[in-house]
Amino acid sequence: MRSPLDDGQPPASASGGDIAYVSPQSARDMGAQLRLFIDSVRDYAILTLDPAGYIVSWNTGAERIKGYKAEEILGQHFSRFYTPEDVASGRPQMELEIVNREGRFEEEAWRVRKDGSLFWANVVITAMRDSQGQLVGYGKVTRDFTERKQTQERLRQSEERFRLLIEHVQDYAIYMLDADGRVSTWNAGAERFKQYKAEEIIGQHFSRFFPPEDVARGKPWHALQVAASEGRFEEEAWRVRKDGSLFWASVVITALHDTHGQLVGYAKVTRDITQRKQNQERRELEMLRDAVRARDEFLSVASHELKTPLTPLQLKLTSLLRVVESNPSASLPVERIARDLEVARRQVRKLSDLIEDLLDVSRISMGQLRLDRAPMDLSSLAREVVVRYAPQAVQVGCAVTLEAPAPIEGYWDRARLDQVITNLLTNALKYGAGKPIHVRVRVDSALAVVSVRDEGIGIPHEDQPRVFERFVRAVSERNYGGLGLGLFITQQIIEAHGGIVQVRSTPGQGSTFTVMLPRGPDVETNVTPEAGAASEPGAAGAPPDPDPDAPPEP
Ligand code: ADP
C-alpha cells in the first residue's frame, strides 16, 4: 500500500512493509503524534520494557488499569504485575523467552494491581528489534477483561447449574434427540421412569419407548414430523419401560433449530402420570357407581310412588265390583258408588301426574321442552287451580286464600303454568298441612309475579339452594311421598319463559315460592336472579322487592 505522501521515492526501510517513505521531519512529527496517542489511550495499558524486563514507558491506560503513576513504576521490573505464585514459578521470565523465540506471546491470566487486587488481563508481549535484528526491548499491551471474565463465569456457572438441575430432576425425563430421533442426552428422571442407564440408551432411536403397535403405525416419526413443522408436539399416551411394562406419559417434544434455522434436534420432556390417570379413572368409576346408586334409589322411590295410588284404587274397584255383583237386579247405592269412583279417579290422576312428571324430565334432558304460548290471564289460571284443589285443601285442613284482584295478561303456555301453580300449591298443601296458605298474583313493573306462601315445615337453610335440582328432596321419604321432580320441572318451565323462580323459607315457620315472569313473548326481557341470591342460605331467591308474602327472616 502507498500513502498519498508517496512521491515515487523508495520505501524508508526494507522491513517497513506498509510504511510509505516519509521525510525525516515528517517522521519526527509522526513519532511525536504516535507517542501522544499512546500516552492518551485509556482502555489499553501500553508500556515498553528494556531487554531485561524493566519498564521504560508507561501510558494513561497503564496507570488506570494497574494503579501506578509513571514516576512510581518506571525502572521497575515488570514481574511485579504477576501474582506471587507466578513469580515463584518464574513465569515472567518464561514468557519473555517465548517472545524472544517466537516474536510474540499472548495470554489471559490474573495480574496484580498496585493495591494488591487482581484483575483478569489479556496480555500481548511483542519483541522490538532494530534493523539489525538486535533485541531492543519489549512492547506490552494489556487489557482489563475482569468484567468480561466475570460475565463468562456467571454464564458458565448458570449453565452448569442448569445442566446439574436437568441431570438431577427426578420427576421429569428431560433429554435430547438428534435430528433423526436418536437419544443424545439422558437425565435421572429419564432413567427412573424408563429404566435405561445413559450408556445403554444414548445413540438409540427413541421409537423404542413406544408400544409396538404405535411403532407399526409410524407414530414416533409422525411425532417428530409434527414437532419439526409446528415447533412442538404434545400428547398423553402409553409408553414402554425397559422391562416392557407400560406407563401413561405426558409428552412434549420441542424442535431445536440453530441460528440459521436448521433443525438440529429435539428437546423431549416426559412425565409419568400413570398415578394421576389411575386416580382419574377411580374418580370416574366412583361417579359412575354413584350414578348407578342414584338410579337404583330413584327406581325404588319411583316404584313405591307409582304403587301407592294403586292400593286404594284396587280396593275401591273391588268394592264397586262387589256392590254391583251383590245387587244384580236391585237398585244400586248410587251415592256410595259415586264416592268410590271419585276416589278411584283421584288415584288414577295421581298416577298419571307422576308418569307425566317422569316424561317431562326425560323431555327436559333431551332438550325437548316446548312451549305453546298464547295470550292468557294469569289471575284466572291461579283461581282455577285454587278451586280445583279446594277439596284437597279441606281434607288436609288448609285455608287457602287467593289475592288476584285484576286480570294479568301475558303471552305464556297455559298448560305449563297450570303445572307450575299446581306444583307450588300441592307442595304447600303437602308440607304445610293444617296451616293457612296464601296465593297471590300481582304485577311488579314489567313482570307478572305469583307467590305461594305456606306456614308449614319450611326448608333447612343448607337445602334451599338445592331444592330445584333433579331428584333433590329435603324431607325423609317415610314422612312425605314425592319424587323430588316438581320444583325441577317448575324451574325449567319458568326459565323457558325467560323468568325465574325463587324460594324464601324459615325452617319451622314456612316457605314462600315466588315466580317472576316477563309478560311478553320477547324472551329478551329475561329476568336475571340477583347475584348470589340462589346460593345464599335463608335468602335463596329473594324477589327483587321486599315481598309482603315472605315469612320473617330467622
Ligand atoms: P317432592 O315434593 O316430590 O319431593 P319437589 O321438587 O316438589 O319434590 O320439592 C323438592 C323438595 O323441596 C321437597 O322434597 C321438599 O323437601 C322441599 N319443598 C318443596 N316445597 C316445599 C314447601 N312448600 N315447604 C317445605 N319444603 C318444600
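Both ligands and their constituent atoms are indexed starting at 1 by order of listing. Since the model is a prediction, treat every value here as computed from it, not as a measurement.
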Please identify which atoms of ligand 1 are closer than 4.0 Å to at least one heavy atom of K430. 1 (P), 2 (O), 3 (O)
Suppose we measure from atom 13 (C) of ligand 1 to each protein heavy atom; which comes out shortest, and what is that distance? Y431 OH, 3.3 Å
Check ligand 1 against L487 and write out every atom of the ligand that is under 4.0 Å from a heavy-atom position of the residue. 5 (P), 6 (O), 7 (O), 9 (O), 10 (C), 12 (O), 19 (C)
Could you establish whether F513 and ligand 1 come within less than 4.0 Å of each other, counting only heavy atoms on the residue side? yes
Do ligand 1 and L483 have nitrogen or oxygen atoms that lie under 3.5 Å from each other? yes
Before signing off on this row, confirm whether F488 and ligand 1 have an N or O atom pair separated by under 3.5 Å. no
When you measure from the heavy atoms of G456 to every atom of ligand 1, does any distance fall below 4.0 Å? no
Find all atoms of ligand 1 within a distance of less than 4.0 Å from any non-hydrogen atom belonging to L485, and give their numbers and elements. 6 (O), 8 (O)
If the threshold is 4.0 Å, N to carboxylate O, is there a salt bridge linking E384 and R414? yes
Distance under 4.0 Å to a non-hydrogen atom of V472: what atoms of ligand 1 satisfy this? 10 (C), 11 (C)
Is there a side chain to side chain donor-acceptor pair (under 3.5 Å) between S326 and R322? Walk through the geometry before answering. CA-CA 6 Å; S326 59; R322 278 206 199 109; over 6 Å; no
Under 4.0 Å from any heavy atom of I459, which atoms of ligand 1 are there? 18 (N), 25 (C), 26 (N), 27 (C)
Could you list the atoms of ligand 1 found under 4.0 angstrom from a heavy atom of G482? 3 (O)
Atom 12 (O) of ligand 1 - nearest protein heavy atom and its distance: V467 CG1, 3.4 Å
Between OG1 on residue T514 and CZ on residue R453, distance to nearest 0.5 Å: 10.5 Å
So, are D296 and R289 salt-bridged, with charged N and O less than 4.0 Å apart? no
Sequence neighbours excluded - side-chain hydrogen bond (donor to acceptor under 3.5 Å, both in side chains) pairs with any residue from residues 207-218: Q204-R208, H205-S207, D214-R217
How would you list all residue pairs meeting ring pair (Phe, Tyr, Trp, His ring centres under 6.0 Å) that involve residues 243-280, not counting sequence neighbours? W238-W248
Counting only nitrogen or oxygen atoms and a 3.5 angstrom limit, does A474 reach ligand 1? yes
Give yes or no for whether the N/O distance cutoff of 3.5 Å, strictly under, is met between G484 and ligand 1. yes
Which heavy atom of V467 sits nearest a heavy atom of A474, and at what distance? CG1-CB, 4.4 Å
Has ligand 1 got any nitrogen or oxygen that is less than 3.5 angstrom from a nitrogen or oxygen of G486? yes
Do you see a donor-acceptor pair shorter than 3.5 Å between the side chains of N187 and Q170? no
Among all protein non-hydrogen atoms, which one is nearest to atom 20 (N) of ligand 1, and what is the separation to 0.1 Å? N427 ND2, 3.4 Å
At what distance, to the nearest 0.5 angstrom, does CD1 of I437 lie from SG of C398? 4.0 Å
Checking R154 against Q157: is there a side-chain donor and acceptor pair closer than 3.5 Å? no
Among all protein heavy atoms, pick out the one at the shortest distance from atom 4 (O) of ligand 1; state its residue, atom name and that distance to 0.1 Å. R473 NE, 2.5 Å
For atom 23 (N) of ligand 1, the protein heavy atom that lies nearest, with its residue and separation: D454 OD2, 2.9 Å
Under 4.0 Å from a heavy atom of V475: which atoms of ligand 1 are those, numbered in the order shown and with their elements? 14 (O), 16 (O)
Carboxylate-amine/guanidinium proximity below 4.0 Å for K316 and E342: no
For residues Y175 and K194, is any side-chain donor paired with an opposing acceptor at under 3.5 Å? yes
